[in-house]
S.K.: 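Here it is: the structure, laid out below.
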Amino acid sequence: DVKVTQSSRYLVKRTGEKVFLECVQDMDHENMFWYRQDPGLGLRLIYFSYDVKMKEKGDIPEGYSVSREKKERFSLILESASTNQTSMYLCASSLVSGNTEAFFGQGTRLTVV
Amino acid sequence: DAKTTQPPSMDCAEGRAANLPCNHSTISGNEYVYWYRQIHSQGPQYIIHGLKNNETNEMASLIITEDRKSSTLILPHATLRDTAVYYCIVRGQRSFQKLVFGTGTRLLVSP
């Protein structure tokens, strides 16, 4: 069974902390994505990566960075967490071909207090 | 990336067909139409995709108009478990194509 695994389902962090959200996929996919989801705003793309050490900004990259040192792992980093980064974070992966579907993790609900 | 437009919400009676529309008037020739759905508190789940021909699988049917400017996702016999947010997405074939979601249609299936 294909799987995208996010390291935490729920996370509470303090303002100013450095936060790491981890995502691992076991499907040998080239593409990996990080989204955040807020009520009324749908899924918004933060960053994506199409290969190891490669990254591209999505629509809302400010306040975030990413790391892709290995093909199966894509990390989202909040350098200095703020309360407006409280959100549901979703990771996804797909093959590089545009004719294949993406698979999503279950999400990490991050609360910054 | 071609943008998509969907109604914010729709209702459907259990057992009836749910027809969810999507407009993608700026779609280009090599872009696919994808549908995903997201049940509350879960990650989005792939449903179906197509290029220009109508497609059917065990979950749904996808009807794409001849000019490809709009499509309809059909759930032939909606159940309560089909209550979810449905996203219509256009995605190209280029290797580095990002996957962009809109706000989707919230489908409520009622008894």
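In this text the structure is predicted, and so the values were computed from the model without any measurement. Naming: A, B, ... by sequence-line order, numbering from 1 per chain.
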S.K.: At a heavy-atom separation under 4.5 Å, does A:S49 approach chain B through its side chain, its backbone, both, or neither?
M.R.: neither
S.K.: Centre-to-centre under 6.0 Å for A:F104 and A:F33, is that the case here?
M.R.: no
S.K.: Test your reading of the model: is there a side-chain donor-acceptor pair from B:H24 to the backbone of B:R68, 3.5 Å cut-off?
M.R.: yes
S.K.: Name the one of B:F101, B:Y46, B:W35, B:Y36 that satisfies ring-ring contact (aromatic ring centres under 6.0 Å, His included) with B:Y87?
M.R.: B:F101
S.K.: When you look at A:R44 and A:D38, which way does the side chain to side chain contact (heavy atoms under 4.5 Å, CB included) test go after all the steps?
M.R.: CA-CA 9 Å; A:R44 293 182 290 167; A:D38 302 288; 2.8 Å; yes
S.K.: Side chain, backbone, both or neither: which part of B:Q45 has a heavy atom under 4.5 Å from chain A?
M.R.: neither
S.K.: Which bit of A:L43 comes within less than 4.5 Å of chain B, counting heavy atoms only: side chain, backbone, both or neither?
M.R.: both
S.K.: Checking A:D59 against chain B: side chain, backbone, both or neither under 4.5 Å from a heavy atom?
M.R.: side chain
S.K.: Side chain, backbone, both or neither: which part of A:Q37 has an atom under 4.5 Å from a heavy atom of chain B?
M.R.: side chain
S.K.: Hey, are the side chains of A:Q85 and A:S87 touching, using non-hydrogen atoms and a 4.5 Å cut-off?
M.R.: no
